[in-house]
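Every chain is numbered from 1 and lettered A, B, ... according to where its sequence line falls, protein lines coming before strand lines.
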Amino acid sequence: MTEQKDRELYRWLRLIREFEDRISALDKQGKLMGGVYSGKGQEAVTVGFCHDLRWDDWIFPLHRDLGAYLVKGADPKRLMAQIFGKRDGFAKGKDSYLHGGDLANGIFGATSCLGATLPVAAGMAYKFKIRKEDRVAIAFFGEGASSRGDVHEAMNFAGVHRLPVVFVCENNFYAYSTPNELQFGVDNVADRAVGYGFKGEVVNGNDLHDVMKAAGKAIDRARKGDGPTLVECKTYRYHGHSEHDRADYRSEEEVITWESRDPISLWEIYLEKRKYDIAAIRKETTGEVTRIVAEAVAFAEASPAPEGPEAMEDLYAMPIDTEAP
Amino acid sequence: MLVTYIEAIRQAMDEELARDGNVLLMGEDVGVLGGAFKASAGLQEKHGADRVVDMPISESLIVGAGVGLAVQGMRPILEMQFIDFISCGFDQIVNSAATLRYRHGGQTACPIVVRGPSGGGVHGGLYHSQNPEAWFCHVPGLKVVAPATAYDAKGLLKSAIRDDDPVIYFEHKFLYRRIKEEIPAEEYLVPIGKAALRKEGRDLTVITYGAPVHAVMKAARDMAAEVDIEVIDLRTLLPIDWATVKASVRKTGKVLIVHEARLTGGIGGEVAARIAQDCFEELDGPVMRLAARDVHTPFAPAMEDYVLPNQEKITEAIRKLAAY
Ligand SMILES: Cc1ncc(C[n+]2csc(CCOP(=O)(O)OP(=O)(O)O)c2C)c(N)n1
Ligand SMILES: [Mg+2]
């Protein structure tokens with residue numbers, strides 16, 4: 001990789017981390033309503049899968065993948081307004097967090113129902129296939145979501161038609177409080193791929209190199225018409241399930257162990273090995289990401305809160321008045 | 001004993017788990033965590049991991065497994081982490097559980113309870129604010145309850161667990177820690193199928209259930225000088241206690257139905273139709289309904305408030321009806 005790309009990837013990791021930290025701080029200050037689901041610690045997965053995508057590819061992020069939004073091209077200002085539930089957010093305040101996609105940039109907004117985006121991603125990939133479009137769909141899901149029928153049904157269909165879709169399981173070892181052992185009987189979610197007739201692979205989700213290598217192969221395979229791949233990224237969320245969750249169900253040692261495998265620190269070690277001027281890069285990046293996030297917060301705070309009657313907008317193509325006399 | 005609404009739910013499950021070894025609690029994060037809202041705090045420690053079970057994330061599994069257990073004579077309580085996700089278990093409820101007894105010609109009971117937090121007013125957005133009770137009231141074979149008080153939350157849940165048919169139990173999360181009541185220390189049940197006359201009045205009847213019961217009671221107190229309101233809390237939505245409803249309407253001649261769920265296709269329509277048909281002679285005004293607007297429950301506070309019924313809208317609707 002070129003120095004420029006190495007630095008760019010670093011910048012994305014840091015921007016996401018700054019974004020996450022800032023949102024957690026805003027939540028602590030009581031400036032956000034609703035649930036906040038931090039993806040801190042999982043940045044390498046979204047950067048690794050989204051960075052080399054093309055503008056007309058599509059992603060289906062899970063509930064803590066705000067990083068995927070950023071890397072795929074969402075405007076940080078609008079993303080922050082979305083999290084504030086303001087009018088300039090993608091959902092125009094109808095919901096917050098990641099329940100509102102940025103369709104112009106190929107980012108699909110999820111419902112809360114875990115795994116429900118996977119059949120949608122498969123349907124979209126089916127269109128890419130039958131219209132012979134050189135595009136791929138990337139569907140992210142948690143290892144907890146992997147227990148849902150929707151996930152199985154989507155993979156089955158994708159296997160039947162060898163669709164240009166990549167299924168990315170972010171295995172952070174917990175689904176809220178539920179550990180892997182109570183979620184499934186296999187060692188790896190990726191082991192299931194064989195049951196759908198395509199390749200499965202397990203990678204270290206905290207190592208951006210590993211993720212990018214797997215992502216590159218899977219995306220290539222999809223583009224070449226060789227069908228889907230299931231990539232399982234082992235990673236860890238530093239925070240609780242949501243900011244309200246103290247996460248007492250896991251040990252401090254475990255958290256410390258994972259913090260020692262921090263995706264950003266790992267990338268910094270790599271940058272140092274390449275003999276780049278890490279001190280200068282860090283300083284410059286810090287300045288840049290702090291500025292971007294500060295501007296996003298200022299924009300979101302200034303964005304108008306939607307007014308009551310706006311609730312009735314965007315329901316149908318042509319409004320229906322059920323209250324008409 | 002002074003308890004919150006959610007503590008009443010916890011006690012009901014705790015007591016039934018202790019009373020009957022066939023009772024189980026199954027759901028996502030109900031064990032070690034004690035539930036997302038702590039409705040089952042301490043229950044796994046006390047009753048064991050075999051009976052308070054952390055389930056994989058699959059509502060259709062949770063309900064379906066519950067049906068299998070029920071055929072074996074067990075009495076599973078099946079928690080939906082948010083009631084919004086009950087749609088992911090819909091088939092197992094409406095096709096599997098609701099028809100179980102019927103399609104076996106009465107050979108088996110189906111003593112399951114599906115319960116979870118419903119309701120808005122907490123800026124939960126599209127998928128953490130839903131009130132889907134009407135979907136289930138359309139399904140024969142099910143029973144549907146929606147308590148508004150801590151007393152009823154406990155008594156109805158205990159009755160639901162002991163009932164031989166599937167009961168869908170809607171908790172209102174807005175009430176979880178906002179209401180606190182004195183409840184008896186000794187055991188009691190609240191029967192399924194009985195409404196509660198919350199306040200007697202002569203001028204008009206407000207029929208409601210769930211969280212709006214509290215706003216309606218406040219309106220009845222605040223407007224006492226103006227209008228003498230009778231308040232009925234349905235408590236059970238399937239089957240509805242028609243005797244209580246009709247007796248009240250026959251007395252007052254005017255009725256307003258209030259619910260937080262949407263207007264179109266809501267419980268209010270069913271209640272209004274029955275009243276229009278059976279109490280036509282006694283009616284002294286149009287049967288009125290106040291419900292959520294026909295749209296999803298949005299996140300931003302001003303929009304959410306615009307969509308859901310509130311104190312002001314209730315007062316206004318009562319005034320309008322009283323004027324007839
Ligand atoms: C169908 C459904 N059931 C339950 C929930 C409640 N819920 C939200 S996130 C979550 C845990 C998700 O775990 P996982 O899929 O591993 O993703 P993670 O949060 O760990 O990133 C649960 C149970 C939900 N959103 N959807
Ligand atoms: Mg997880």
Side-chain angles (χ1 to χ4, degrees), chain A residues 32-35 82 84-87 89 91-97 99-100 110-116 142-152 174-179 182-185 241-242 244-245 247-249 304-315 320-323, chain B residues 27-38 44 49 53-62 64 80-82 84-92 122-130 262-265 289 291-308 310:
Chain A
L32 300 177
M33 295 166 295
Q82 168 70 21
F84 272 73
K86 295 293 193 72
R87 195 184 282 154
K92 303 184 198 159
K94 297 197 180 69
D95 210 336
S96 72
Y97 234 73
H99 304 306
T111 71
S112 271
C113 292
L114 295 162
E143 89 293 343
S146 78
S147 298
R148 284 216 52 232
D150 278 17
V151 171
H152 159 75
Y174 293 90
Y176 204 153
S177 71
T178 306
L182 292 176
Q183 199 67 244
F184 37 74
H241 167 64
S242 72
H244 302 290
D245 172 24
D248 306 328
Y249 43 81
E307 290 180 17
E310 291 172 43
M312 307 311 288
E313 295 171 5
D314 303 315
L315 190 59
I320 290 173
D321 187 1
T322 53
E323 288 162 39
Chain B
E28 294 147 13
D29 307 292
V30 297
V32 171
L33 189 69
F37 289 91
K38 300 278 182 260
Q44 189 180 62
V53 192
D54 279 318
M55 294 291 281
I57 299 173
S58 172
E59 288 69 19
S60 90
L61 163 76
I62 293 167
M80 305 285 105
Q81 196 162 87
F82 282 85
D84 310 61
F85 308 131
I86 200 170
S87 48
C88 301
F90 199 68
D91 174 63
Q92 287 291 348
V122 297
H123 315 312
L126 305 179
Y127 317 103
H128 292 80
S129 306
Q130 295 177 17
R262 285 185 288 275
L263 184 77
T264 301
R289 289 180 295 161
R293 290 174 192 269
D294 286 321
V295 72
H296 308 290
T297 310
F299 173 82
M303 292 199 288
E304 184 179 24
D305 199 45
Y306 182 78
V307 169
L308 299 181
N310 59 22

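Scanning both residues, B:Tyr306 and A:Gly308, for their nearest heavy atoms gives CD2-O, 3.3 Å.
The contact between A:Leu114 and chain B is made entirely by side chain atoms (from C-beta outward), counting heavy-atom distances below 4.5 Å. Using a 4.5 Å cut-off between heavy atoms, A:Phe184 makes no contact with chain B at all. For a residue to count as touching a neighbouring chain, one of its non-hydrogen atoms must lie under 4.5 Å from one of that chain's; by this rule B:Val32 touches chain A with the side chain only. Contacts of A:Lys86 with chain B are absent, with no heavy-atom separation under 4.5 Å from either backbone or side chain. Of the two parts of A:Ala305, neither the backbone nor the side chain holds a non-hydrogen atom closer than 4.5 Å to a non-hydrogen atom of chain B. Heavy atoms of B:Asp305 lying under 4.5 Å from chain A are absent altogether.
Once rounded to the nearest 0.5 Å, the distance linking CG of A:Leu315 with CG of B:Asp294 reads 9.0 Å. Atom OG1 of A:Thr178 and atom CG of B:Asp54 lie 5.0 Å apart (nearest 0.5 Å). To the nearest 0.5 angstrom, B:Ile62 atom CD1 is 9.5 Å from A:Ser147 atom OG.
For the options A:Gly142, A:Ala91, A:Gly85, A:Ser112, heavy-atom pairs under 4.5 Å to chain B are most numerous at A:Ser112. Ranked by heavy-atom pairs under 4.5 Å with chain A, the list B:Pro56, B:Pro301, B:Ser129, B:Ser58 is led by B:Pro56. In terms of heavy-atom pairs under 4.5 angstrom with chain A, the leader among B:Gln81, B:Glu304, B:Glu28 is B:Gln81.
Side-chain contact check for B:Tyr127 versus A:Asp95: some heavy-atom pair is nearer than 4.5 Å. B:Arg293 is listed as a side-chain neighbour of A:Met312, based on a closest heavy-atom distance under 4.5 Å. Side-chain atoms of A:Lys94 and B:Met303, non-hydrogen and from C-beta on, do get closer than 4.5 Å to each other.
Side-chain N or O atoms of A:Gln183 include one that pairs as donor or acceptor with a backbone N or O of B:Ile57 at under 3.5 Å. Counting only distance, with no hydrogens or angles, the side chain of B:Asp29 and the backbone of A:Tyr176 share no donor-acceptor pair below 3.5 Å.
Surrounding NE2 of A:His99 are more than 12 heavy atoms belonging to other residues, nucleotides or ligands, all under 6.0 Å away. Heavy atoms from other residues, nucleotides or ligands lying under 6.0 Å from CD of A:Glu313 number more than 12.
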For the pair A:Met33 and B:Phe299, evaluate side-chain contact (heavy atoms from CB on, under 4.5 Å) and give the outcome as yes or no after the intermediate values.
CA-CA 9 Å; A:Met33 295 166 295; B:Phe299 173 82; 3.8 Å; yes
